[in-house]
Amino acid sequence: MIPELHIPELDNFFYLPEEIINVLDSLEKLTKKHSVNILVVGRQGCGKSSLISQFAAYYKRPIAVFQIGQLSEPGQLFGEHALKGGDTYYQEFLFPRAISTPNCVVHLEEINRPEHPKALNELFSVLSEDRSIWSDQLGLIKVAKGVVFFASMNEGEEFTGTDSLDVALRDRFYILPVDYPSVDIEKKILTNKTGIDETQAEMILKIIGNLRSDPNIDETISVRHSLMIAELMVAGGSLRESLIYSLSVSRDLIESLLLAVHVETKETIIKSSEYKLFL
């Protein structure tokens with residue numbers, strides 16, 4: 001196996017709707033016939049990248065992740081000309097090697113965020129039925145048997161720096177929508193992953209639920225945030241401190257947050273902050 005590729009570790013506490021699990025199993029079986037493209041769409045922090053990693057771990061497939069948001073021109077996925085000892089040579093990147101590796105999971109992260117739309121031009125060839133592309137530097141590159149292309153993206157006006165995915169490109173994918181889990185499942189995630197007790201987990205989720213349902217709050221409060229809050233509490237932080245320092249919020253939202261904490265826990269909203277040497 002190529003050194004940069006690896007089979008990720010299985011997450012023993014990763015939850016998905018049964019229907020999504022069944023669809024993923026069907027798509028995995030389909031890869032025995034031909035390469036498959038899957039677009040995972042969902043809100044920020046709902047577990048899109050984790051789902052793709054879990055797929056690779058469960059089916060024991062190597063994975064390679066590529067940040068599409070860093071692409072500014074065509075060809076950047078494949079390689080670049082470099083200088084060594086006064087000589088110019090072509091440095092091949094991981095992407096052509098990954099798509100040439102049988103059964104590899106190729107994750108195209110934030111596929112709708114390239115710096116320039118034309119940077120995605122090469123993807124049309126490798127995602128099409130032909131499953132190959134010609135490179136003047138590398139020759140004919142063919143997608144290996146069993147390769148799965150996963151793409152992930154956040155959609156909506158609230159995500160700055162994103163564009164709608166080209167219709168012709170989107171048409172090449174199976175679409176897999178994911179969302180935040182139910183409160184009961186999110187509580188299991190918090191308790192299993194962080195070791196926080198159920199009472200504390202329920203309190204976190206009550207407050208987060210209030211924030212998520214408030215139409216005046218634009219910020220996304222994701223499962224990633226709830227995990228951060230729980231981890232900080234397990235490490236010794238109070239609920240109030242863990243909420244404040246885990247969420248990136250405006251001044252007005254902080255006031256709303258502190259009020260919510262006060263209502264749920266009766267904690268004092270205003271606390272003095274004494275300075276002392278940090279040594």
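Start at 1 with the first residue, then count along the sequence. Computation of the quantities below employed the complete heavy-atom set of this structure, encompassing side-chain atoms and omitting hydrogens, waters and symmetry-equivalent molecules.
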### Summary
The single option from His107, Glu110, Glu109 that satisfies side chain to side chain donor-acceptor pair (under 3.5 Å) with Ser152 is His107
## Note on the structure
Quick note, salt bridge (Lys or Arg N to Asp or Glu O under 4.0 Å) partners involving residues 15-29, not counting sequence neighbours, are Asp25-Lys29, Glu28-Lys32, Glu28-Arg61
Closest contact, heavy atoms only, [X] versus [Y]:
{"X": "Ala56", "Y": "Val105", "result": "CB-CG2, 3.9 Å"}
{"X": "Pro177", "Y": "Ile20", "result": "O-CD1, 3.9 Å"}
{"X": "Ser132", "Y": "Ser125", "result": "O-CB, 3.2 Å"}
{"X": "Thr101", "Y": "Val147", "result": "O-CG2, 3.3 Å"}
{"X": "Val234", "Y": "Thr194", "result": "CG2-O, 3.5 Å"}
{"X": "Ala98", "Y": "Cys104", "result": "O-CB, 3.5 Å"}

Tell me whether [X] shares a hydrophobic cluster with [Y], the cluster being built from Ile, Leu, Val, Met, Phe, Trp, Tyr side chains joined at under 4.5 Å.
{"X": "Val223", "Y": "Leu243", "result": "yes"}
{"X": "Leu39", "Y": "Phe66", "result": "yes"}
{"X": "Leu123", "Y": "Ile175", "result": "yes"}
{"X": "Val143", "Y": "Val148", "result": "no"}
{"X": "Leu16", "Y": "Tyr174", "result": "yes"}

Rounded to the nearest 0.5 Å, how far does [atom2] of [Y] lie from [atom1] of [X]?
{"X": "Lys48", "Y": "Ser53", "atom1": "NZ", "atom2": "OG", "answer": "14.5 Å"}
{"X": "Ile204", "Y": "Leu190", "atom1": "CD1", "atom2": "CG", "answer": "6.0 Å"}
{"X": "His6", "Y": "Ile63", "atom1": "NE2", "atom2": "CD1", "answer": "6.5 Å"}
{"X": "Ile21", "Y": "Tyr58", "atom1": "CD1", "atom2": "OH", "answer": "8.5 Å"}
{"X": "Cys46", "Y": "Arg224", "atom1": "SG", "atom2": "CZ", "answer": "9.0 Å"}
{"X": "Ile244", "Y": "Leu239", "atom1": "CD1", "atom2": "CG", "answer": "9.5 Å"}

Would you please name every residue forming a side-chain contact (heavy atoms from CB on, under 4.5 Å) with [X], sequence neighbours left out?
{"X": "Tyr15", "answer": "Ile185, Lys188, Ile189, Asn192"}
{"X": "Ser135", "answer": "Gln137, Leu138, Ile141"}
{"X": "Gln200", "answer": "Ile196, Asp197, Met233"}

Do [X] and [Y] come within less than 4.5 Å of each other through their side chains, counting heavy atoms only?
{"X": "Leu169", "Y": "Ile111", "value": "yes"}
{"X": "Val41", "Y": "Phe173", "value": "no"}
{"X": "Ile68", "Y": "Met153", "value": "no"}
{"X": "His225", "Y": "Ser246", "value": "no"}

### Message
Is it the case that atom OH in Tyr245 sees more than 12 heavy atoms from other parts of the structure closer than 6.0 Å?
### Response
no
### Message
Could you go through Arg97 and Leu5, starting from their C-alpha distance and side-chain angles, then the distance that decides it, and tell me whether this counts as side chain to side chain contact (heavy atoms under 4.5 Å, CB included)?
### Response
CA-CA 10 Å; Arg97 289 180 286 158; Leu5 301 179; over 6 Å; no
### Message
Please determine whether side chain to side chain contact (heavy atoms under 4.5 Å, CB included) holds for the pair Leu24 and Leu51, giving the CA-CA distance in whole Å, both sets of side-chain angles, and the decisive distance to 0.1 Å.
### Response
CA-CA 10 Å; Leu24 285 171; Leu51 180 153; 4.2 Å; yes
### Query
With a cutoff of under 4.5 Å between side-chain heavy atoms, which Ile, Leu, Val, Met, Phe, Trp and Tyr residues group with Leu140?
Trp134
### Task
Please check if the side chain of Arg131 supplies one atom and the backbone of Ser35 the other of a donor-acceptor pair under 3.5 Å.
yes
### Query
Short question: side chain of Thr191, backbone of Lys187 - any donor-acceptor pair under 3.5 Å?
yes
### Task
Determine, step by step, whether Val126 and Val106 satisfy the side chain to side chain contact (heavy atoms under 4.5 Å, CB included) criterion, reporting the C-alpha distance in whole Å, the side-chain angles of both residues, the deciding distance to 0.1 Å, and the verdict.
CA-CA 11 Å; Val126 296; Val106 179; over 6 Å; no
### Query
Got a sec, which pairs hit ring-ring contact (aromatic ring centres under 6.0 Å, His included) with one end in residues 34-55, sequence neighbours left out?
Phe55-Tyr59, Phe55-Phe150
#### Entry: Charged tip of Arg172 within 45° of Phe149 ring normal and under 6.0 Å
no
### Message
Could you go through Leu10 and Gln54, starting from their C-alpha distance and side-chain angles, then the distance that decides it, and tell me whether this counts as side chain to side chain contact (heavy atoms under 4.5 Å, CB included)?
### Response
CA-CA 6 Å; Leu10 190 70; Gln54 186 76 350; 3.5 Å; yes
